[in-house]
Amino acid sequence: QLQLMESGGGLVHPGESLRLSCTASGFSLDLHAVIWVRQAPGKEREGVSCISTTVDFTDYADSVKGRFTISRDSAKNTVYLQMNSLKPEDTAIYYCAADWGCPDLGDNSYSSPLSSWGQGTQVTVSS
């Protein structure tokens, strides 16, 4: 399966920003859609955002729309999730995955057939 690594998490105050990175090894992320999901303690996994390979179509969960931005850096083989105006409810472990296309972000059972979930990166938003 494809190997991805998440990084960039941390502890921030409400209203602050973080940029998460999803980096691929051994294959080009440009050839795949990249999906960000998150899972908070005691809660189901939640789809957050996706960027496709087709004219960089992007999709966002309603809970993050207008605050989060997903983008690609082809030279670095990395997909970023810029998270602004963070809220305590954004606290979770964030994971990325690669797939042939963007899934329904509302499908909490989604799992990529191409990549397994990694260790993720912890985001904690607290005052």
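By convention here, the first residue in the shown sequence is residue 1.
In this structure, the separation between CG on L4 and CD on Q119 is 13.0 Å, given to the nearest 0.5 Å. Between the CD atom of Q1 and the OG atom of S116 there is a distance of 4.5 Å, given to the nearest 0.5 Å. For the atom pair R19 CZ and T69 OG1, the distance stands at 12.0 Å (nearest 0.5 Å). The distance from atom SG of C50 to atom CG of D99, rounded to the nearest 0.5 Å, is 8.0 Å. How far CG of L114 is from CH2 of W100: 5.5 Å, rounded to the nearest 0.5 Å. For the atom pair Y80 OH and S71 OG, the distance stands at 7.5 Å (nearest 0.5 Å).
Closest non-hydrogen pair, T53 versus A33, comes out as CG2-N, 3.7 Å. Summarising the geometry of L2 relative to A98, their closest heavy-atom pair is CD1-CB, 4.1 Å, with the distance given to 0.1 Å. Among all heavy-atom pairs drawn from Q122 and A92, the shortest one is NE2-O, 3.4 Å. Counting all heavy atoms, side chain and backbone alike, C22 lies closest to V34 at SG-CG1, 4.1 Å. The nearest pair of heavy atoms linking S109 to D107 is OG-OD1, 2.6 Å. Contact between S17 and S85 at its shortest, heavy atoms only, is OG-N, 4.2 Å.
At distances below 3.5 Å, not a single donor-acceptor pair connects side-chain atoms of T91 with backbone N or O atoms of T124. Between the side chain of S52 and the main chain of F57, a donor-acceptor pair closer than 3.5 Å is present.
The shortest distance between side-chain heavy atoms of V125 and H13 does not fall below 4.5 Å. N77 places a side-chain heavy atom less than 4.5 Å from the side chain of S28. At least one side-chain heavy atom of V48 sits under 4.5 Å from a side-chain heavy atom of Y94. Side-chain contact between V79 and I51: present, with at least one pair of heavy atoms (C-beta onward) separated by less than 4.5 Å.
Note on L18 and I70: same hydrophobic cluster, where clusters join Ile, Leu, Val, Met, Phe, Trp and Tyr whose side-chain heavy atoms are under 4.5 Å apart, directly or indirectly. L105 is not connected to F68 by any chain of hydrophobic side-chain contacts under 4.5 Å among Ile, Leu, Val, Met, Phe, Trp and Tyr, and they are in different clusters. Under the 4.5 Å side-chain heavy-atom criterion for Ile, Leu, Val, Met, Phe, Trp and Tyr, M83 and M5 are members of distinct hydrophobic clusters. Two different hydrophobic clusters hold I35 and V64 under the rule that ILVMFWY side chains link at heavy-atom gaps under 4.5 Å. Residue L86 is grouped with residue W36 when hydrophobic side chains (ILVMFWY) are merged at heavy-atom distances under 4.5 angstrom, including chains of intermediate members.
For the side chain to side chain contact (heavy atoms under 4.5 Å, CB included) test, residues two or more places apart in sequence or in another chain that qualify with W117 are V37, R45, Y95, A97, Y110, S111. With sequence neighbours excluded, the residues that form a salt bridge (Lys or Arg N to Asp or Glu O under 4.0 Å) with D90 are R38, R67.
In the model, T23 has no side-chain atom that pairs as donor or acceptor with a side-chain atom of E6 under 3.5 Å. Counted by atom type alone, T78 and S21 present zero donor-acceptor pairs between their side chains at under 3.5 Å.
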Going through the checks in order, is the side chain to side chain contact (heavy atoms under 4.5 Å, CB included) test met by V123 and L20? CA-CA 9 Å; V123 172; L20 305 185; 4.0 Å; yes
Is there a side chain to side chain donor-acceptor pair (under 3.5 Å) between S63 and E46? Walk through the geometry before answering. CA-CA 10 Å; S63 58; E46 174 190 13; 3.2 Å; yes
Go through the steps for L81 and S49 under the test side chain to side chain contact (heavy atoms under 4.5 Å, CB included), then give the verdict. CA-CA 8 Å; L81 185 68; S49 183; 4.0 Å; yes
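Counted within 6.0 Å of NZ on K65, heavy atoms from surrounding residues, nucleotides or ligands total more than 12; the atom is thus considered enclosed.
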